[in-house]
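The chain is numbered in sequence order, starting from 1. Computed from heavy atoms alone, side chains included, the values below leave out hydrogens, waters and symmetry copies. The structure presented is a predicted model; accordingly, all values stated were derived computationally and were not measured.
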Amino acid sequence: MSDVFEGYERQYCELSTNLTRKCNSASLLPHGDDKKGKLAEIKSGIDEADVLIRKMDLEARSLQPSAKATCLAKLREYKSDLNQLKKEFKRVSSPDVNQSAREELMESGMADPHSVSADQRERLAMSVERLDQSSDRIRESRRTMMETEELGVSILQDLSQQRQTLLHSHSKLHGVDEAIDKSKKVLTAMSRRMTRNKWIVTSVIIALILAIILIISFKLSH
């Protein structure tokens with residue numbers, strides 16, 4: 001899976017968990033500046049969540065088919081979760097609904113600011129679970145990256161040693177080339193001397209033959 005997608009996923013899960021808590025807290029606040037400030041924070045967070053969803057969508061569609069299907073399936077869950085958050089924000093923002101919810105909570109003895117409805121608790125638990133899963137995947141990705149980095153360092157060390165060996169071999173080959181060049185020069189000089197000696201010997205033989213012929217001719221003539 002893409003590290004970029006997992007990064008967006010982690011940000012969204014943290015943001016979703018935070019927004020759920022803020023919605024629960026805002027639903028128990030009376031109308032006033034405090035609630036307006038809380039609602040403004042929630043609205044800003046929802047806008048940020050929308051941006052993260054779009055980023056995840058673009059990243060998922062750029063992946064290979066095997067990873068793309070998994071990411072798109074997760075993305076559908078996050079979109080559904082975001083829609084629930086938007087509905088909850090709309091409910092919390094409504095004065096009538098907010099008052100009705102407060103009255104129901106008061107009547108049922110659940111006016112504790114830290115208490116939440118069953119749906120909210122379930123969504124919060126799901127967000128926390130997704131956040132934990134995302135954290136596990138990120139830790140696994142980091143472990144894999146560290147192992148890959150160690151492998152890369154080992155490979156670089158091996159390549160460095162091989163480079164030194166090749167440089168040493170190159171130096172030896174250069175020395176061998178010089179020796180071969182010297183040997184070629186020696187052989188060439190020897191070949192020239194042999195050729196010159198051969199001509200000298202041939203000349204001497206011809207001279208001797210001519211001398212013998214002259215001697216024989218002289219004797220025959222007398």
Side-chain angles (χ1 to χ4, degrees), residues 1-29 33-94 97-98 100-102 104-105 108 110-150:
M1 187 181 295
S2 168
D3 291 338
V4 176
F5 184 90
E6 288 184 352
Y8 292 149
E9 182 181 23
R10 179 178 176 80
Q11 293 179 45
Y12 176 80
C13 290
E14 292 176 349
L15 184 59
S16 175
T17 302
N18 191 30
L19 288 174
T20 300
R21 290 171 179 166
K22 287 182 177 180
C23 284
N24 295 335
S25 176
S27 66
L28 301 174
L29 292 175
D33 293 338
D34 290 342
K35 183 167 185 175
K36 288 181 180 179
K38 183 68 70 175
L39 291 176
E41 291 179 9
I42 296 172
K43 180 63 170 62
S44 177
I46 289 177
D47 292 340
E48 185 179 350
D50 266 323
V51 173
L52 288 172
I53 288 292
R54 288 196 292 271
K55 287 181 177 179
M56 281 193 284
D57 194 358
L58 290 173
E59 180 64 21
R61 296 182 187 281
S62 67
L63 299 176
Q64 295 296 327
S66 56
K68 180 178 180 180
T70 302
C71 291
L72 288 177
K74 289 186 176 183
L75 188 60
R76 284 192 292 271
E77 294 180 7
Y78 297 143
K79 286 181 178 180
S80 176
D81 177 74
L82 181 58
N83 288 332
Q84 290 297 324
L85 283 173
K86 289 179 179 179
K87 290 179 182 179
E88 183 66 17
F89 173 70
K90 184 176 180 181
R91 185 188 71 80
V92 172
S93 302
S94 174
V97 175
N98 181 66
S100 175
R102 285 179 58 81
E104 290 177 0
L105 287 173
S108 60
M110 297 177 61
D112 183 359
H114 298 289
S115 64
V116 294
S117 67
D119 290 340
Q120 292 170 338
R121 285 197 300 272
E122 181 180 357
R123 187 166 64 251
L124 180 61
M126 291 176 61
S127 297
V128 172
E129 181 181 357
R130 285 197 297 268
L131 183 59
D132 291 340
Q133 293 175 351
S134 178
S135 299
D136 291 340
R137 284 194 295 270
I138 290 175
R139 281 194 295 270
E140 181 65 21
S141 297
R142 287 177 178 173
R143 185 183 65 80
T144 303
M145 287 176 63
M146 291 181 64
E147 291 177 352
T148 304
E149 183 178 359
E150 292 176 356

Hey, does the side chain of Tyr78 reach the backbone of Tyr12 with a donor-acceptor pair shorter than 3.5 angstrom? no

Closest non-hydrogen atom pair, Leu15 against Ala49: CD2-N, 3.4 Å

Separation between CD of Glu88 and OG of Ser93, rounded to the nearest 0.5 Å: 9.5 Å

Any carboxylate oxygen within less than 4.0 angstrom of a Lys/Arg side-chain nitrogen, looking at Lys74 and Glu77? no

For the residue pair Lys68 and Arg61, what are the closest heavy atoms and their distance? CE-CA, 3.9 Å

Rounded to the nearest 0.5 angstrom, the CG-CG distance for Leu52 and Asp47 is 11.0 Å

Applying salt bridge (charged side-chain N to carboxylate O under 4.0 Å, His left out) to Lys38 and Asp34, what does each step give before you reach the verdict? CA-CA 6 Å; Lys38 183 68 70 175; Asp34 290 342; over 6 Å; no

Is there side-chain contact between Val51 and Gln11, with heavy atoms separated by less than 4.5 Å? no

Just so I know, are the side chains of Arg21 and Thr17 near enough to count as touching, which here means a heavy-atom distance under 4.5 Å? yes

Distance col, row Leu63:CG vs Leu58:CG, nearest 0.5 angstrom, shows 11.0 Å

N/O donor-acceptor pair under 3.5 Å between Asn83 side chain and Lys79 backbone: yes

Test item: Val4 and Lys55 side chains (from C-beta on) under 4.5 Å apart, heavy atoms: no

Is it true that a side-chain atom of Ser62 and a backbone atom of Glu59 form a donor plus acceptor pair closer than 3.5 Å? yes

Could you state the interatomic distance from NZ (Lys86) to SG (Cys23), rounded to the nearest 0.5 Å? 12.5 Å

Would you say Leu39 and Phe89 make side-chain contact, with heavy atoms under 4.5 Å? yes

Using modelled atom types only, decide if a donor and an acceptor are shared between the side chain of Asn18 and the backbone of Glu14 within a distance under 3.5 Å. no

Out of Asp81, Leu85, Leu82, which one pairs with Leu19 under the side-chain contact (heavy atoms from CB on, under 4.5 Å) rule? Leu85

NZ on Lys35 to CD1 on Ile42, rounded to 0.5 Å: 9.0 Å

